[in-house]
Structures are given as structure tokens and as C-alpha cells.
Amino acid sequence: MNITPLTLKDCRQVAQLHQATFYRGWNEKDFESFLKELCVFGFKIEQKGVFCGYILWREVAGEAEILTLGISPSFKRMGMGNKLLNALVESLKAHRISKLFLEVAEDNQEAQDFYIKNGFISLGKRPNYYLRPENKLVHALSFLKSIEG
Ligand SMILES: CC(C)(COP(=O)(O)OP(=O)(O)OC[C@H]1O[C@@H](n2cnc3c(N)ncnc32)[C@H](O)[C@@H]1OP(=O)(O)O)[C@@H](O)C(=O)NCCC(=O)NCCS
């Protein structure tokens, strides 16, 4: 498995995976806009040259937030999410960032299990945040991981 920085050339396949994963997924231009921001960074993970997943985050004022993370369905439960998260944590340590935040939809149990397994603690919820079919709304749950240098 190989982890390297996300570049503008990766935006199409990252967007394809995001759109296959999430209701109202982000498109290629959305990812390009993120990566053009000075404080947004990403990694991709590949196996034998095949794109398997990505993580995108923002660093502001000594804190970081995961914007999105995704692993292709055929590569799930192989430790790739863990590897991307560990690579992010090492990068944040190098930047002396000690707090990593994220929000996840209340109906996304697999991601909540993944983040809790990785040491994130629940902070609370943002009510009625994510849109679902038939204009239904679900809460966003906020999580924090403290990173020790
Ligand atoms: C959440 C996600 C990134 C996890 O990636 P992954 O590569 O499959 O996760 P890993 O193989 O590294 O799993 C690490 C641990 O997390 C937990 N975990 C991961 N997926 C889980 C699931 N579906 N159910 C329960 N626990 C899970 C387990 O403890 C797992 O360890 P184990 O396999 O030894 O039991 C992946 O499921 C995904 O892309 N989901 C869709 C997109 C998404 O929801 N992203 C997060 C919101 S931004």
C-alpha cells in the first residue's frame, strides 16, 4: 500500500468515489477548489497502482478538521482507513497540531465505529444538518481526537 499527497490530477477519481458513497456527493470541481485552498491537504492510498481511497482535511489556527474520508467498497476492512488516518496524525504532529475534529452523519454507523475505534470522542451534535431523500434531515455528530506529540 502506498500513501501519497492528493493532487489536482486525483480530483476526478476522488469525486467519483465520493459521489458513489454519499448522498449529494461532491464533484471534481468541488475537490479542485478544496485543494487550491492553502490550508487544505489530502492523501490518497493505492495498492499496486490502483486508487483505493482518500482523506482530505483542513488546518486552521493550530487545529485540524477531516473534511472527508473514503475507501472504495472492494477495499474496505483491509486497514486502509486506519493507514490514511495514521498518516494524517503523523502529519499533524509534524505541524504541532494537537486537535483533530470531524463531523459524521448520525445514520453513518460504520464511520462512527471506525472513528471511535481510532480514539475519537463524541462532542455533541449539530441538529438536522445532512440532507437525505424526501427532504429528510439527519443530525451531524461532532467528534474530537487529541493528538499527543
Ligand atoms: C469509514 C471507512 C473510511 C473505514 O475505512 P476502512 O478502510 O474500511 O476501515 P479499516 O479497515 O481501517 O477499519 C479499522 C477499524 O474500524 C472499525 N470499522 C471499520 N469499518 C467498520 C464497520 N463497517 N463496522 C464496524 N466497525 C468498523 C473496525 O474496528 C476496524 O477494525 P477491524 O477491521 O480490525 O475490526 C469506510 O468504511 C468508508 O469509506 N465508509 C464510507 C465513507 C464514510 O463514511 N466516510 C467517513 C465519513 S467522512
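For ligands, and for the atoms within them, numbers begin at 1 and follow the listed sequence.
How far NZ of K48 is from CE of M1: 10.5 Å, rounded to the nearest 0.5 Å.
F143 is listed as a side-chain neighbour of I116, based on a closest heavy-atom distance under 4.5 Å. Using a 4.5 Å cut-off on side-chain heavy atoms (C-beta onward), L69 and F114 make contact.
Every atom of ligand 1 is numbered from 1 in the order shown, and the set under 4.0 Å from a heavy atom of G70 is 39 (O). Ligand-side atoms of ligand 1 in range of G81: 5 (O), 6 (P), 7 (O), 12 (O), range being under 4.0 angstrom from any heavy atom. Below 4.0 Å from some heavy atom of G79 lie the following atoms of ligand 1, by number and element: 10 (P), 11 (O), 12 (O). Atoms of ligand 1 lying under 4.0 Å from any heavy atom of L69, numbered from 1 in the order shown and given with element: 3 (C), 42 (C), 43 (C), 45 (N), 46 (C), 48 (S).
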Derivation and outcome, side chain to side chain donor-acceptor pair (under 3.5 Å), residues D10 and T7: CA-CA 5 Å; D10 300 311; T7 70; 3.2 Å; yes

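Counting only non-hydrogen atoms, the option in L17, T21, I45 that gets closest to atom 42 (C) of ligand 1 is T21. For atom 27 (C) of ligand 1, the candidate residues are M78, R77, H18, M80; the nearest heavy-atom contact is made by R77.
Under 4.0 Å from ligand 1, the heavy atoms of N108 that appear belong solely to its side chain. With a 4.0 Å cut-off on non-hydrogen atoms, N82 touches ligand 1 through its backbone as well as its side chain. With a 4.0 Å heavy-atom cut-off, ligand 1 is reached by the side chain of Y115 but not by its N, CA, C or O. When heavy-atom distances to ligand 1 are checked against a 4.0 Å cut-off, K117 comes that close only through its side chain, counted from C-beta outward.
Here the side chain of H139 pairs no donor or acceptor atom with the backbone of E106 at under 3.5 angstrom.
Listed by chain and number, the residues in a salt bridge (charged side-chain N to carboxylate O under 4.0 Å, His left out) with D107 are R132 (sequence neighbours excluded).
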